[in-house]
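To keep things clear, I will list the structure first and then write my remarks on it.
A, B, ... follow the sequence lines: proteins, then strands. Residue 1 opens every chain. Owing to the predicted nature of the structure, the values given are computational and were not obtained by experimental measurement.
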Protein chains: 2
Amino acid sequence: MKPGDLTEAVTAVLAAVEAAEGRLAPKKRAVIEAALLCFAESGYAATSTKAISQRAGVAEATIFRHFGTKADLLLRLVRPVAARLIQPGLVEAQEIFAETEGNLEAKIARMMTARLAFADRYAPLVRILLQELPVNPELHGLLQDSVIGGLIRFLDIALGEEIAQGRLRPIPAPRFLRILASMLIGYWIARSMVAPGEWDDEAEIALMAGLLARGLKP
Amino acid sequence: MKPGDLTEAVTAVLAAVEAAEGRLAPKKRAVIEAALLCFAESGYAATSTKAISQRAGVAEATIFRHFGTKADLLLRLVRPVAARLIQPGLVEAQEIFAETEGNLEAKIARMMTARLAFADRYAPLVRILLQELPVNPELHGLLQDSVIGGLIRFLDIALGEEIAQGRLRPIPAPRFLRILASMLIGYWIARSMVAPGEWDDEAEIALMAGLLARGLKP
DNA sequence: CCGAATTGTGAGTAAGCACTCACTATCATG
DNA sequence: CATGATAGTGAGTGCTTACTCACAATTCGG
């Protein structure tokens, strides 16, 4: 999955929504696709239901038949992907920490690569999340509780082991997660929103992971 | 200036706008104040001119007398502060690099402290920028050209010296700036939007600066 | 203290908004 | 092929939106 590949990203979101809603009627599918792109491009508030219906080639009423309200449409796009962000993401992180050979830097790099791939796979939705999170408390709660809470609980244990074995200076899991996430999101924004073009993911991740690992050596 | 202090932040923005527009009529001042807070809380698109006028205690027509359109109102809030972000910010960075004793970590920490103070001083406006940047190409250009361009040109020279003297492994200025900015913005968001409360700025900045400096030692 | 500029407003207006409803088309199943 | 359910829609609904305008109040240099 390349960073700029919207088609596959839309397909991935559609699959996630379908898993949550059951088989999708064709026009319902079209609405989801159109809404996803409109919201990502212009933001939720600046997108009208008329604009979505036109882009989907559907009557405006069809949106409300399937989703009731505009706010519900947003939530039913975001929730299934958020759900996929939690469970499999956590399992993946745990596997990486268990499998990868002792080297902390390699573990961090593999986690970053995996999360970057996730962000690419659901690119338009990540864009929507970044835009709406500061003003939509409902989304705020959705992520805070499940995603971040779960990750921190896991990291607390994983980092604790590293610290106990003297491979890492003592650092609270939330702080570690915040710095790792900041760098990764900052990179994702730079690569896919600010200056799309030639980026060497492997080199950039190596730099960031190296920075973290070397900077946190005891 | 404490992180949560809105009153002083509003005053600072008002001063910046006044410097650009000349002496402000009292109701014009009230509109700026109200718009600033409304945009920061709910986003530009979700804020109606009626809501602004009510918060300002002003007739809706007064907004259009002074600012013409809603879009212009936003730009005339953002531009003066963006202007203050460029010139003085650059001079400040140069001074810090020139004054502070050889230690790269201390230089980075001082730069971070200064930029954090700036973000606090103009907190509501920073919030608006973070929300609107992805969907407003006009703001995008405003920052990209002047702020980032200028900073990178300066950093290129400053880092070049460090590298030449063997105190820093070779790293392109944009990459350095991106990582530094990501961590700092990530911290600012965590501290003033996600989980406001007790934060030890000095310790957090020391951690981030140490990470960068140690991670980038040759 | 006068006249002109500036500041401020109540009462609009047309277009756009999210959303409803009565109705038709499609389709799986007994 | 009849029937009930699901999918889809054109034509609205009332309300909100950004914005206008004629006119009133205030300010201020000459």
Under 3.5 Å, which N/O atoms of the protein pair with N/O atoms of nucleotides 15-25 of chain D?
{"unit_1": "D:dA18", "atom_1": "OP1", "unit_2": "B:Thr47", "atom_2": "O", "d": "3.4"}
{"unit_1": "D:dA18", "atom_1": "OP1", "unit_2": "B:Lys70", "atom_2": "NZ", "d": "3.0"}
{"unit_1": "D:dA18", "atom_1": "OP2", "unit_2": "B:Thr49", "atom_2": "N", "d": "2.8"}
{"unit_1": "D:dA18", "atom_1": "OP2", "unit_2": "B:Thr49", "atom_2": "OG1", "d": "2.9"}
{"unit_1": "D:dC19", "atom_1": "OP2", "unit_2": "B:Lys70", "atom_2": "N", "d": "2.8"}

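- Between the side chain of B:Lys28 and the backbone N or O of B:Phe67 there is no donor-acceptor pair closer than 3.5 Å.
- Using a 4.0 Å cut-off between charged nitrogen and carboxylate oxygen, A:Glu33 and A:Arg55 do not count as a salt-bridge pair.
- Contact annotation: A:Lys27 side-chain N/O to D:dT9 OP1/OP2 distance is under 4.0 Å.
- When atom types are taken as modelled, the side chain of A:Glu204 and the backbone of A:Trp199 share no donor-acceptor pair closer than 3.5 angstrom.
- The pair A:Arg127-A:Glu41 does not meet the salt-bridge criterion, since no charged nitrogen lies less than 4.0 angstrom from a carboxylate oxygen.
- A:Leu24 has its CG atom 14 Å from the C1' atom of D:dT6, to the nearest Å.
- Judged by distance alone, with hydrogens and angles left aside, the side-chain atoms of B:Tyr44 form a donor-acceptor pair with the main-chain N or O of B:Ala71 at under 3.5 Å.
- Phosphate proximity of D:dG8 to A:His66: present, with a side-chain N or O under 4.0 Å from OP1 or OP2.
- For A:Gln131 (side chain) and B:Val135 (main-chain N/O), no donor-acceptor pair under 3.5 Å exists by modelled atom type.
- Along DNA chain C, the stretch of nucleotides lying under 4.0 Å from any heavy atom of chain A spans, 5' to 3', C:dC17 to C:dC21.
- Counting only distance, with no hydrogens or angles, the side chain of A:Lys27 and the backbone of A:Ala59 share no donor-acceptor pair below 3.5 Å.
- Applying the ring pair (Phe, Tyr, Trp, His ring centres under 6.0 Å) criterion to A:Phe118, with sequence neighbours excluded, gives A:Tyr122.
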